[in-house]
Amino acid sequence: MKYLVVGGSGYIGSHMVKHLLRAGHEVVVADTAAADPGIEWVELDIANAHALDTLFGDCHFDAVFHFASFIQVGESVSDPGKYYQNNVAATLTLLNAMVRAGIRHLIFSSTAAVYGDPQYVPIDEQHPKAPINPYGRSKWMVEQILQDFDRAYGLKSVCLRYFNAAGADPDGLLGECHEPETHLIPLILQAAAGRREAITVFGHDYDTPDGSCIRDYVHVADLASAHELAVEYLSKGGTTTAFNLGNGLGFSVQQVIDTARDVTGRQINVVEAARRDGDPARLVADATRARLVLGWQPRFDSLEQIVRHAWEWELQYPWR
Ligand code: UFG
C-alpha cells in the first residue's frame with residue numbers, strides 16, 4: 001500500500017512511519033518539519049489546498065494518516081484561534097482535497113480530551129462527548145465532520161482517541177521531543193538526567209489514593225500498531241468509527257515518578273504545586289472495542305517498559 005502520513009515528522013507520526021516502512025508499505029511524509037534522512041518527505045502545510053492538489057495529482061495514496069495538530073491544552077485556551085485554524089480549518093482543507101482526489105480512507109488522531117470530565121471510568125467510546133477546552137473541542141468537531149463526510153462523500157475514517165501517549169521506539173531510534181515539553185514522563189526523565197532541577201507535581205489533593213492525578217499511559221509503538229490495524233479494517237470494508245487507545249491501567253503522577261526512580265536509579269526532586277487548570281482526577285480507557293474489532297494487542301503494557309524506553313532515548317540524546 002502507499003500511504004501519506006501528515007505530521008509524520010512529529011512524535012507519534014514518526015513512530016508510525018517507521019512501523020509502516022517496516023511492514024513493507026510505501027510512505028510519503030507531508031509535514032512542515034523535515035522527516036528523518038531516507039524518508040520521502042514533502043514540505044507541506046495542509047492549509048494549502050493547491051499544494052495538496054498537486055501532491056494528490058502526482059501520487060496515488062491508498063489512505064491518509066493525519067497526525068498534524070497542535071496538542072497543548074493550556075495554549076488552546078489562551079489562543080483558540082490558532083487551534084481551530086490548524087486543527088479544524090486546515091483539516092477540512094485536507095479532507096476536501098482527499099475527496100477531490102478520490103482518496104477514501106483516513107486514520108485520524110483524536111484524543112481522550114473529547115470526553116471532558118469523565119462521568120465514569122474506565123471510559124468507553126459511548127461516554128458522552130463534552131470537551132472542556134478548545135483542544136478537545138477541535139478534535140470532537142473533526143470527528144463530527146468526518147461522520148458527515150462519510151454520509152455525503154463516502155470518505156471512510158477511523159478516529160483513534162489516544163489516552164496518554166508515552167514511551168519511545170524500543171530500538172532507540174526515535175523518541176519524544178516537544179518544544180516546549182509539557183508531558184509528564186519526558187519532564188520527569190529530564191529531572192532524572194539532571195537537566196531540570198525537579199519535577200513539579202500539579203495537585204496533591206485529588207480524590208485518588210495518593211492525591212495525584214491518574215492517567216492511562218499507552219506506548220507509542222502500540223499506538224502505531226493500532227493505526228495499521230485501523231487502516232486494514234477500512235481496506236476490508238470497515239465502517240467509519242472511533243476507538244479508544246489505552247491500556248486500561250491507571251497510574252498516578254506519584255507512581256510514575258516512583259517508577260522513573262526505579263528505572264533510572266537516579267534521584268528525582270519533586271516540587272508540589274497547585275492543580276493545573278482543566279486536569280480531571282482520573283482518565284482511564286476502556287479499549288475493549290479496539291481489541292475486539294481491530295484485534296489490537298498492546299505489546300508494552302507495563303509502565304516500567306514505557307518509562308525504560310523513554311529513558312533509553314533520553315540517555316542517547318543528552319545534547320537535547
Ligand atoms: N503533570 C504534572 N507535572 C508536569 C506535567 C504534568 O504533575 O510537569 C501531571 C498532569 O497534571 C497530569 C499528568 O501529569 O495529571 C499527565 O500530564 P500530561 O501533560 O503529560 O498529559 P495530559 O494528561 O494532560 O494530556 C494528555 C495528552 C494531551 C491530551 C490530553 C487529553 O498529552 O495531548 O491527554 O486529556 F490533550
Side-chain angles (χ1 to χ4, degrees), residues 3-22 25 27-48 51-52 55 61 63-76 79 82-83 85-88 90-91 93-94 106-113 135-136 138-139 142 158-187 189-190 217-228 230-231 245 306 309-310 313-314 316-317 320:
Y3 296 127
L4 180 68
V5 181
V6 176
S9 302
Y11 168 47
I12 304 173
S14 61
H15 286 80
M16 187 72 230
V17 169
K18 182 177 175 223
H19 186 93
L20 290 172
L21 289 172
R22 184 174 276 183
H25 300 294
V27 177
V28 175
V29 169
D31 202 312
T32 50
D36 281 345
I39 290 170
E40 193 174 345
W41 167 56
V42 180
E43 186 174 6
L44 184 150
D45 183 337
I46 54 165
N48 184 340
L52 285 167
L55 176 63
F61 294 103
V64 174
F65 294 83
H66 178 15
F67 294 92
S69 68
F70 296 137
I71 58 164
Q72 288 182 45
V73 170
E75 186 186 44
S76 80
D79 195 358
K82 176 175 172 180
Y83 277 67
Q85 174 57 43
N86 183 66
N87 293 7
V88 182
T91 295
T93 302
L94 171 66
L106 174 80
I107 309 299
F108 177 65
S109 299
S110 189
T111 171
Y135 168 71
S138 73
K139 292 287 184 175
V142 172
V158 174
C159 296
L160 296 174
R161 298 177 184 148
Y162 313 154
F163 280 64
N164 285 64
D169 175 28
D171 300 335
L173 300 175
L174 302 166
E176 185 169 9
C177 183
H178 294 108
E179 191 53 57
E181 190 53 76
T182 60
H183 292 99
L184 181 66
I185 292 177
L187 290 175
L189 296 179
Q190 287 176 14
Y217 296 90
V218 53
H219 198 292
V220 64
D222 288 326
L223 291 181
S225 69
H227 285 69
E228 190 190 12
V231 84
L245 296 180
I306 290 173
H309 290 154
W313 163 258
E314 184 69 34
Q316 217 184 318
Y317 292 90
R320 283 210 327 268

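- For Glu181 (side chain) and His183 (main-chain N/O), a donor-acceptor pair under 3.5 Å exists by modelled atom type.
- The CG atom of Asp169 sits 8.5 Å away from atom CH2 of Trp313, with the distance rounded to the nearest 0.5 Å.
- The shortest distance between side-chain heavy atoms of Val42 and Val28 falls below 4.5 Å.
- Here the side chains of Cys159 and Lys139 are not in contact, with every heavy-atom distance at 4.5 Å or above.
- A distance of 6.0 Å separates OG1 in Thr182 from CD1 in Ile71, rounded to the nearest 0.5 Å.
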Evaluation steps, side chain to side chain contact (heavy atoms under 4.5 Å, CB included), between Val231 and Leu20 = CA-CA 11 Å; Val231 84; Leu20 290 172; 5.5 Å; no
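- Nearest heavy atoms, Gly8 versus Val17: O-CG2, 3.9 Å.
- Between Ala310 and Gly167, the closest heavy-atom pair is CB-CA, 4.2 Å.
- Nearest heavy-atom pair across Phe61 and Leu4 is CD2-N, 3.5 Å.
- Between the side chain of Tyr11 and the backbone N or O of Ala166, at least one donor-acceptor pair lies under 3.5 Å.
- Checking side-chain atoms of Asp31 against main-chain N and O of Trp41 turns up no donor-acceptor pair under 3.5 Å.
- Looking at every heavy atom in both residues, Gly172 comes nearest to Gln316 through O-OE1, 2.6 Å.
- Atoms CD and CD1, from Glu314 and Ile185 in turn, are 12.0 Å apart once rounded to the nearest 0.5 Å.
- Between His15 and Phe67, the ring centre distance reaches or exceeds 6.0 Å.
- Scanning both residues, His219 and Ala168, for their nearest heavy atoms gives CE1-O, 3.0 Å.
- Side-chain contact between Asp79 and Phe70: absent, with no pair of heavy atoms (C-beta onward) separated by less than 4.5 Å.
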task = Dump the intermediate steps for side chain to side chain contact (heavy atoms under 4.5 Å, CB included) on Asp171 and Lys18, then the final yes or no.
result = CA-CA 11 Å; Asp171 300 335; Lys18 182 177 175 223; 2.7 Å; yes
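- Between Val5 and Gly13, the closest heavy-atom pair is CG1-O, 4.2 Å.
- Between Phe65 and Tyr3, the angle of the ring planes goes over 60°, which puts this pair in the perpendicular group of the 30/60° scheme.
- Checking side-chain atoms of Glu228 against main-chain N and O of His19 turns up no donor-acceptor pair under 3.5 Å.
- Going from atom OG of Ser110 over to atom NE2 of His66 covers 10.5 Å, rounded to the nearest 0.5 Å.
- Asp36 has its side chain out of reach of Leu173: every pair of non-hydrogen atoms, C-beta onward, lies at least 4.5 Å apart.
- Between the OG atom in Ser225 and the NE2 atom in His227 there is a gap of 9.5 Å [rounded to 0.5 Å].
- Looking at Ile46 and Thr93, their side chains never come closer than 4.5 Å, going by heavy atoms from C-beta outward.
- The distance from the CG atom of Leu106 to the CG atom of Leu94 is 6.5 Å, given to the nearest 0.5 Å.
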task = Apply side chain to side chain contact (heavy atoms under 4.5 Å, CB included) to the pair Leu223 and Leu160, showing each step before the final yes or no.
result = CA-CA 9 Å; Leu223 291 181; Leu160 296 174; over 6 Å; no
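- A side chain to side chain contact (heavy atoms under 4.5 Å, CB included) with Val220 holds for exactly one of Leu174, Ile12, Ile306; it is Ile12.
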Derivation and outcome, side chain to side chain contact (heavy atoms under 4.5 Å, CB included), residues Leu21 and Ile39 = CA-CA 9 Å; Leu21 289 172; Ile39 290 170; 4.2 Å; yes
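- Remark: side-chain polar atoms of Ser9 are paired, donor with acceptor, to backbone N or O of Ala34 under 3.5 angstrom.
- Residues Glu75 and Tyr135 have side chains that never bring a donor and an acceptor to within less than 3.5 angstrom of each other.
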